[in-house]
Amino acid sequence: MTLDVKPKKRLFIGLLVFTCLILFVFIFLLWYVPMVGLKNIHPSFPLFYTSILAVFAVLMLSGGLLLVFTIFMGKDIFLSQKLRGIVAKVLFPFMILMGRLVGVSRERVQQSFIELNNHLVLSNHHRTRPNKLLILLPHCIQDFDCQVKITGNIRNCKGCGKCEIKDLIELSDQYQVKIAVATGGTLARRIIVDNRPEAIVAVACELDLTSGIQDTYPIPVIGILNERPNGPCINTKVDIQKVKQAMLDFLDPHAS
Ligand code: SF4
């Protein structure tokens, strides 16, 4: 997978810069307003208070710069694993809020987050053995009229070829990788607990991918958006080549 800075990621970075600017103004006000009052309580309080706010501002600035450099350079400079957690748990909810403020839809921010997450995962060069890699698929990829129950055991698929489940099973067989189908977040969590993967290639819509990436942290997840030519949640598709590339990005070429 190429580590280029695509427009979707730029959206997240833009919102991040905007958030930083707002936070700096906020920190300034937090510093300026109580300064007069603190002086009256004790002469050393203003210095103490300024130091705390300065440390916070420096941490925020260094974190933001580290994130931007990691994205642009495409490699793990420092703490990219931790950065991924901060992006997923802290920054993403902020970015949704900021996006709403400047008129960017939730879906676009989610797409941007997924790309940014993939980028950070790739920067970190996570490698694992095939039996520790899981391909997790949404149920809506199965042909709507298919009577076979593949949740619980995807191997029930008869391989008729009406949907991409057949190709995805073949891909998992070729590389000896685990594969499963989930109908929602609860089942996805159970599959992850049962299989204990060290890395996941997940296919889903924006909403399920973002919540999945957040929930499964620190397990590295490469998220691939499904295609929805028939509308959401019915007969969805996925680019098999993207799934294969994501798998290869995770697989250790030297592992037996
Ligand atoms: S490929 Fe498998 S899951 Fe898809 S329609 Fe055929 S039997 Fe059903």
Side-chain angles (χ1 to χ4, degrees), residues 1 8 107 110-111 113-115 117-118 121-122 126 128-217 219-253 255-256:
M1 205 173 275
K8 280 180 191 159
E107 197 172 82
Q110 286 169 332
Q111 290 169 356
F113 164 70
I114 293 161
E115 271 204 10
N117 167 79
N118 292 353
V121 168
L122 291 171
H126 294 276
T128 189
R129 285 163 292 149
N131 65 347
K132 289 289 174 188
L133 178 59
L134 172 69
I135 303 176
L136 195 54
L137 304 169
H139 185 231
C140 56
I141 240 170
Q142 181 182 22
D143 183 81
F144 185 71
D145 296 320
C146 177
Q147 299 298 315
V148 180
K149 185 172 161 34
I150 58 167
T151 48
N153 186 4
I154 194 171
R155 305 276 163 191
N156 289 337
C157 166
K158 303 288 178 222
C160 75
K162 270 194 193 158
C163 70
E164 283 161 340
I165 295 290
K166 172 182 179 279
D167 298 333
L168 290 159
I169 292 176
E170 282 173 5
L171 190 64
S172 80
D173 287 346
Q174 187 186 349
Y175 290 91
Q176 302 291 300
V177 166
K178 289 179 180 173
I179 185 166
V181 173
T183 43
T186 312
L187 183 55
R189 270 186 285 276
R190 215 182 72 203
I191 291 170
I192 291 167
V193 169
D194 290 348
N195 286 280
R196 291 195 284 166
E198 286 174 0
I200 301 171
V201 175
V203 178
C205 60
E206 285 85 352
L207 182 65
D208 286 350
L209 274 184
T210 46
S211 57
I213 290 169
Q214 286 177 305
D215 288 353
T216 48
Y217 179 81
I219 302 174
V221 179
I222 292 183
I224 300 171
L225 281 172
N226 58 6
E227 296 158 16
R228 286 151 281 179
N230 304 297
C233 308
I234 181 162
N235 291 343
T236 60
K237 309 236 169 264
V238 65
D239 185 336
I240 305 282
Q241 283 311 313
K242 281 190 187 169
V243 178
K244 183 176 176 179
Q245 184 57 58
M247 273 175 39
L248 294 176
D249 284 328
F250 273 136
L251 288 177
D252 185 348
S256 53

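Ligands are counted one by one from 1 in listed order, and the atoms in each one are counted from 1 as well. Atom set for the values below is all heavy atoms of this structure, side chains included, hydrogens, waters and symmetry mates excluded.
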Shortest protein heavy-atom distance from atom 4 (Fe) of ligand 1, along with the residue and atom involved: C163 SG, 2.2 Å

As an exercise, state the distance from CD1 of I234 to NE2 of H139, rounded to the nearest 0.5 Å. 11.0 Å

A student checking ligand 1 against K162 at a 4.0 Å heavy-atom cut-off should list atoms 5 (S)

Side-chain heavy-atom pair F113, I213 within 4.5 angstrom cut-off: yes

Do any N or O atoms from the side chain of D208 and from the backbone of A204 form a donor-acceptor pair under 3.5 angstrom? no

Just which atoms of ligand 1 are under 4.0 Å from any heavy atom in Q142? 3 (S)

With heavy atoms of G161 as the reference, note each atom of ligand 1 found under 4.0 Å away. 1 (S), 6 (Fe)

Are V221 and V121 close enough, and set up right, to give a side chain to side chain contact (heavy atoms under 4.5 Å, CB included), and what steps lead you there? CA-CA 7 Å; V221 179; V121 168; 5.8 Å; no

Specify the protein heavy atom at minimum distance from atom 2 (Fe) of ligand 1: its residue, its atom name, and the distance to 0.1 Å. C157 SG, 2.4 Å

How far is atom 7 (S) of ligand 1 from the closest protein heavy atom, and which atom is that? K158 N, 3.3 Å

In this structure, atom 6 (Fe) of ligand 1 is nearest to the protein heavy atom C160 SG, 2.3 Å

Could you grab the distance from atom CG of D167 to atom CD of Q174, nearest 0.5 Å is fine? 11.5 Å

What's the verdict on side chain to side chain contact (heavy atoms under 4.5 Å, CB included) for D215 and R189, showing C-alpha distance, side-chain angles and the deciding distance? CA-CA 8 Å; D215 288 353; R189 270 186 285 276; 2.6 Å; yes

Can you name the nearest heavy-atom pair linking I141 to V238, along with the distance? CD1-CG1, 3.7 Å

Heavy-atom contacts with D143 under 4.0 Å: which atoms of ligand 1 show up? List them by number with element. 5 (S)

Within C146, is some N, O or S atom less than 2.8 Å away from atom 8 (Fe) of ligand 1? yes

